[in-house]
J.: 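Dumping the structure here so I can ask a few things about it.
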Amino acid sequence: MPASSRHLLKIEGLTPPEIGQYLDLAESYVLLNRSGKTQRDLLRGRTLINLFFEDSTRTRTSFELAGKRLGADVINMSVSNSSVNKGETLLDTAATLNAMHCDLLVVRHAQSGAPNLLAQKVDAAVINAGDGTHEHPTQALLDALTIRRRKGRLAGLVVAICGDILHSRVARSNIHLLTTLGSEVRLVGPPTLIPAEAASLGVSVHHSMEQGLAGADIVMMLRLQRERMASGPVPSAREYFRFYGLDRGKLAYARPDALVMHPGPMNRGVEIDSDIADDPERSVIREQVEMGVAVRMAVLDLLSRRGPRNAR
Ligand code: NCD
C-alpha cells in the first residue's frame with residue numbers, strides 16, 4: 001500500500017521517498033513542539049477517534065496530544081467502556097463510528113489485520129496503532145526518526161533488534177522500514193522467539209548477544225510479551241536476563257557509540273538493566289517518546305490532506 005494511500009496500515013510496501021516524506025515532516029514538528037507552539041488551525045473541525053482494543057500508555061497519549069496540538073477534536077474510546085463488551089462486532093463498531101463522520105481513526109487491536117478490515121468499512125483515514133503481531137507503523141517511523149537525528153542517516157547502519165521478535169509488531173515494522181532504507185538488520189534472540197519467516201525478510205539471525213551485537217550502531221531491545229505466550233517459550237525471567245538481557249557487559253560487544261532503544265513498556269531486569277535504560281549517554285528511550293508525538297502529528301497532517309473531505 002503506497003504512502004499516498006488515505007490510510008497508514010503498515011510499513012511493508014512503502015518506498016524510501018514515501019517513508020522520507022513522513023520523517024521530513026515529523027522533523028519540522030519536533031521543532032514546533034520544542035518551541036512550545038501549536039498549529040491548531042491545521043485539523044480544526046476534524047474529529048480523531050482513538051479506538052484502543054488493547055492497553056496502551058504512550059501510543060494512545062501521543063496520538064491524543066498530536067491531534068490536539070493540530071487542533072482536532074479528539075475522542076478516546078477504550079474497550080473497557082465501549083459496546084464491544086456488550087458483544088458488538090468490529091464491523092458494527094465501524095458502522096457506528098462511520099455514522100458519526102469521524103475523519104481520522106486510530107486503531108489498536110489484538111487481531112492482526114483488524115485495522116485493515118476497518119479501513120475497508122469506514123470513510124475515515126485509518127491509522128494502525130498496533131495490530132496483533134503484525135505491524136505498528138508509527139513506532140517504526142518514530143524509531144527511524146530517532147536514529148536519523150542521532151546518527152545522521154539510516155543507510156549502512158547496523159541495527160540489532162533483540163529479544164521477543166516472534167510476538168513483536170514493532171520488530172516487524174522496523175524490519176520493513178530499516179531494510180527499505182538500507183540498514184543492516186540483525187535479529188537476536190532465543191530460537192523460540194525468532195519467527196520462522198525471518199530468513200525471508202532480508203535480515204540475519206543470531207542466537208548469541210555477543211555475535212548479534214558485535215559492531216552494532218543501534219541496539220533495539222524488545223519487551224518479553226508474556227501476554228501473547230500460551231505456554232512458556234522462555235523458562236524464567238532470571239535465566240532470560242542472563243542470556244539476552246542488556247547489561248553493560250553485553251552492550252560492550254556493540255560499537256562504543258552504540259545507542260540503546262526500547263519501544264516501552266520496559267520490563268526492567270528482564271530484557272534490560274536499569275543501569276543501561278537510564279544512562280543518558282547510551283539510552284535514547286525518552287527521546288523515542290518525544291519523537292512519537294512529532295511522527296504522529298506528521299501522520300495526521302499528511303493523511304488528513306489525502307482524506308475524502310479534501311477531495312470534495
Ligand atoms: C509496543 C506495542 O504495543 O506493540 N509498545 C508501544 O507501542 N510503545 C511494544 C510492547 O507492547 O512491548
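Order of listing sets the numbers, starting from 1, for every ligand and every atom in it.
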J.: At a 4.0 Å cut-off, with the gap strictly under it, does some heavy atom of E54 reach an atom of ligand 1?
T.: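 Checking ligand 1 against E54, which is what was asked, there is no heavy-atom contact under 4.0 Å.
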J.: Side chains of I276 and R248, heavy atoms from C-beta outward: is any pair under 4.5 Å?
T.: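 When only atoms from C-beta onward are counted, R248 and I276 do touch, with a gap below 4.5 Å.
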J.: Which value, rounded to the nearest 0.5 Å, describes the distance between N116 atom CG and L9 atom CG?
T.: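 So the CG of N116 and the CG of L9 are separated by 5.5 Å.
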J.: Below 4.0 angstrom from a heavy atom of H136, which ligand 1 atoms are there? Numbered from 1 as shown, please.
T.: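 Taking each heavy atom of H136 in turn, ligand 1 has 2 (C), 4 (O), 6 (C), 7 (O) under 4.0 Å.
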J.: For the residue pair R296 / S62, report whether a side-chain donor-acceptor contact shorter than 3.5 Å exists.
T.: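 A donor-acceptor contact under 3.5 Å links the two side chains.
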J.: Is the closest side-chain heavy-atom distance between R69 and K37 below 4.5 Å?
T.: no
J.: How does V170 reach ligand 1, if at all, at less than 4.0 Å between non-hydrogen atoms: by side chain, backbone, both, or neither?
T.: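 Just the side chain.
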J.: Who's the nearest protein heavy-atom neighbour of atom 11 (O) of ligand 1, and how far?
T.: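 Answer for atom 11 (O) of ligand 1: R223 NH2, 3.0 Å.
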J.: With the side chain counted from C-beta on, respond yes when R148 and E27 share a heavy-atom pair under 4.5 Å apart, and no when they do not.
T.: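 A side-chain contact under 4.5 Å exists here.
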J.: Report yes or no: does a heavy atom of P263 sit under 4.0 Å from some atom of ligand 1?
T.: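 Under 4.0 Å: yes for P263.
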J.: Which protein non-hydrogen atom lies closest to atom 9 (C) of ligand 1, naming both residue and atom, and how far is it?
T.: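 Looking at atom 9 (C) of ligand 1, the protein heavy atom closest to it is G264 O, 3.5 Å.
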J.: Just let me know how R169 lines up against ligand 1, side chain, backbone, both or neither, with a heavy-atom cut-off below 4.0 Å.
T.: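 Side chain only.
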J.: Of all the atoms in ligand 1, which lie at a distance below 4.0 Å from a heavy atom belonging to R58?
T.: 8 (N)
J.: With heavy-atom distances below 4.5 Å as the criterion, would you say the side chains of N50 and V107 are in contact?
T.: no
